[in-house]
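Below: one structure, written as structure tokens.
In the text below, chain A, chain B and the rest are named by the order of the sequence lines, each starting its count at 1.
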2 protein chains.
Amino acid sequence: MTSPREPLTRDRIIDTALHIVDGQGLGRLTMRRLGDALQVEAMAIYHHLPRGKEELLDGLIAHVAALPAAWPRPANGTRPAAGDWRAHLRSWGGAYRARLLDHAGVLPLLMTRRNPTALAETTASLREVLRMAGFLDAAAATGAHTILGYVIGHAALEARATAARRPDDPEEAVDWDHRFAAGLDVVLAGLLTLP
Amino acid sequence: MTSPREPLTRDRIIDTALHIVDGQGLGRLTMRRLGDALQVEAMAIYHHLPRGKEELLDGLIAHVAALPAAWPRPANGTRPAAGDWRAHLRSWGGAYRARLLDHAGVLPLLMTRRNPTALAETTASLREVLRMAGFLDAAAATGAHTILGYVIGHAALEARATAARRPDDPEEAVDWDHRFAAGLDVVLAGLLTLP
DNA sequence: CCCATCGCCTTTACGTAGTAAGGTCCGATC
DNA sequence: GATCGGACCTTACTACGTAAAGGCGATGGG
């Protein structure tokens with residue numbers, strides 16, 4: 001009379017794994033624990049992810065890191081307002097940072113050589129936004145890496161700082177939301193100096 | 001008649017560990033392998049690093065991440081040239097990036113909550129440089145995190161991209177040295193917009 | 001000279017990890 | 001109903017981190 005347990009899926013496995021990482025940290029994500037959470041023996045996972053844990057971790061970072069900065073297609077023939085790219089990148093940056101911090105446990109995986117495509121997609125979308133904003137190709141490529149590097153790096157600094165903080169406020173507290181936004185503005189302002 | 005093996009030291013252990021990580025990757029750094037490299041049983045390491053692998057990894061990132069951007073003390077009473085801070089930060093950034101890429105294997109550790117002090121020192125030194133360059137405290141704090149975030153994040157992007165590259169040049173190659181420098185210039189130029 | 005002590009290292013052993021190899025069960029197809 | 005293939009389970013192996021306790025040579029006091 002136990003509920004018949006919906007079948008295993010690649011997506012369901014990765015979602016559950018992400019849930020474990022968010023709740024207990026990357027170090028506690030093991031195949032056996034993941035199996036338990038899915039009400040399945042650990043070895044069952046290998047039928048859906050033949051490359052085992054490697055593939056699982058690849059799936060995690062793809063799930064977290066792929067958030068393209070799609071320029072909203074302008075409605076019927078109206079041109080996108082030329083000055084909007086900064087506002088657009090500001091809001092994209094905020095969303096990307098929020099996602100990275102929501103899943104801070106996978107941040108270390110972003111530094112490993114795993115899954116090179118997940119970030120490539122995001123980089124390409126940033127480059128495209130800058131190109132459409134009028135930057136030359138070389139400047140757009142530089143700008144894309146500069147922005148993405150800043151967002152990821154700053155998120156990593158935040159994750160470290162907030163994780164290591166004792167709750168009784170040992171040093172002066174930092175308004176990380178504001179600091180991230182201010183730094184992003186610095187980067188976006190600096191882009192104007194590119195040719 | 002075997003050479004009498006110089007005694008174990010905390011520093012020698014960490015140096016050897018770093019050598020293993022650089023040569024074979026973080027995943028192959030194990031206590032037993034480290035013991036072999038030191039010609040010692042694995043458990044001997046615990047006498048010098050009582051907290052075991054945690055302490056070892058902490059030592060690794062302290063060794064890599066602590067490179068303060070010390071402003072060169074001006075020689076006898078000469079004031080530092082006011083405009084030099086950008087050049088100084090450019091060269092510091094290049095050195096920091098080079099070190100991160102030399103030890104790309106420890107980059108994932110920088111993202112974990114380990115050893116909060118190693119980066120704090122570097123951040124403080126950046127803040128100090130900016131303060132001495134005339135920035136207000138708040139702007140210096142923002143600028144320090146912006147610079148450090150960019151440098152770390154960009155180095156991570158580079159490490160990923162170069163590690164995943166097939167040697168036969170699948171996409172157009174990127175001049176990473178130039179791209180990093182250009183992005184750092186973007187950030188430094190953007191700092192001028194801070195109050 | 002002997003023996004107690006201490007610092008450094010080794011031995012042994014336990015629990016947990018990832019996963020290879022093969023087995024089991026069940027629904028679909030002919 | 002026999003066959004078959006996919007989804008899941010069982011067992012077992014190797015490697016890891018490390019707790020616990022043992023050995024062992026140098027040192028210093030009697």
**Study point:** side-chain contact (heavy atoms from CB on, under 4.5 Å) between B/Thr112 and B/Leu57, intermediate numbers included
**Key:** CA-CA 11 Å; B/Thr112 322; B/Leu57 299 181; over 6 Å; no
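- A salt bridge is defined here as a Lys NZ or Arg NE, NH1 or NH2 lying under 4.0 Å from an Asp or Glu carboxylate O, and B/Arg10 with B/Asp15 fails to meet this definition.
- A salt bridge links A/Arg51 to A/Asp58: one of the charged nitrogens lies within less than 4.0 Å of a carboxylate oxygen.
- In this structure, B/His88 contributes its side chain and B/Ala70 its backbone to a donor-acceptor pair below 3.5 Å.
- A side-chain donor-acceptor contact under 3.5 Å links B/Trp92 to the backbone of B/Leu67.
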Polar-atom pairs under 3.5 Å, protein N or O versus N or O of nucleotides 3-5 of chain D: list them with distances, or write none.
none

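- Distance A/Leu49 CG to C/dG18 P: 13 Å, rounded to the nearest Å.
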Practice item. Treat primed atoms plus P, OP1 and OP2 as sugar-phosphate and everything else as base, then score nucleotides 16-21 of chain D 5' to 3': B for base contact with protein heavy atoms under 4.0 Å, S for sugar-phosphate contact only, - for none. Key: BBBBB-
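- Under a 4.0 Å N-O distance rule, the pair A/Glu158/A/Arg97 qualifies as a salt bridge.
- At most 12 heavy atoms of other shown residues, nucleotides or ligands fall within 6.0 angstrom of atom CD in A/Glu121.
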Review point. When every nucleotide of nucleotides 23-28 of chain D is labelled 5' to 3' by its protein contacts under 4.0 Å (heavy atoms), B for base, S for sugar-phosphate only, - for none, what sequence of letters results?
Key: ------
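- Aromatic ring centres of B/Phe180 and B/Tyr96: separated by at least 6.0 Å.
- In this structure, A/Leu148 is not a member of the same hydrophobic cluster as B/Leu101, with clusters built from ILVMFWY side-chain heavy atoms closer than 4.5 Å.
- For the pair A/Glu41 CD and C/dC25 P, the computed distance is 15 Å after rounding to whole Å.
- Of the possible donor and acceptor atoms, one in the side chain of B/Thr30 sits under 3.5 Å from a partner among the backbone N and O of B/Arg33.
- A donor and an acceptor atom sit less than 3.5 Å apart, one in the side chain of A/His47 and one in the base of D/dC8.
- For A/His48, no side-chain nitrogen or oxygen approaches OP1 or OP2 of D/dG6 to under 4.0 Å.
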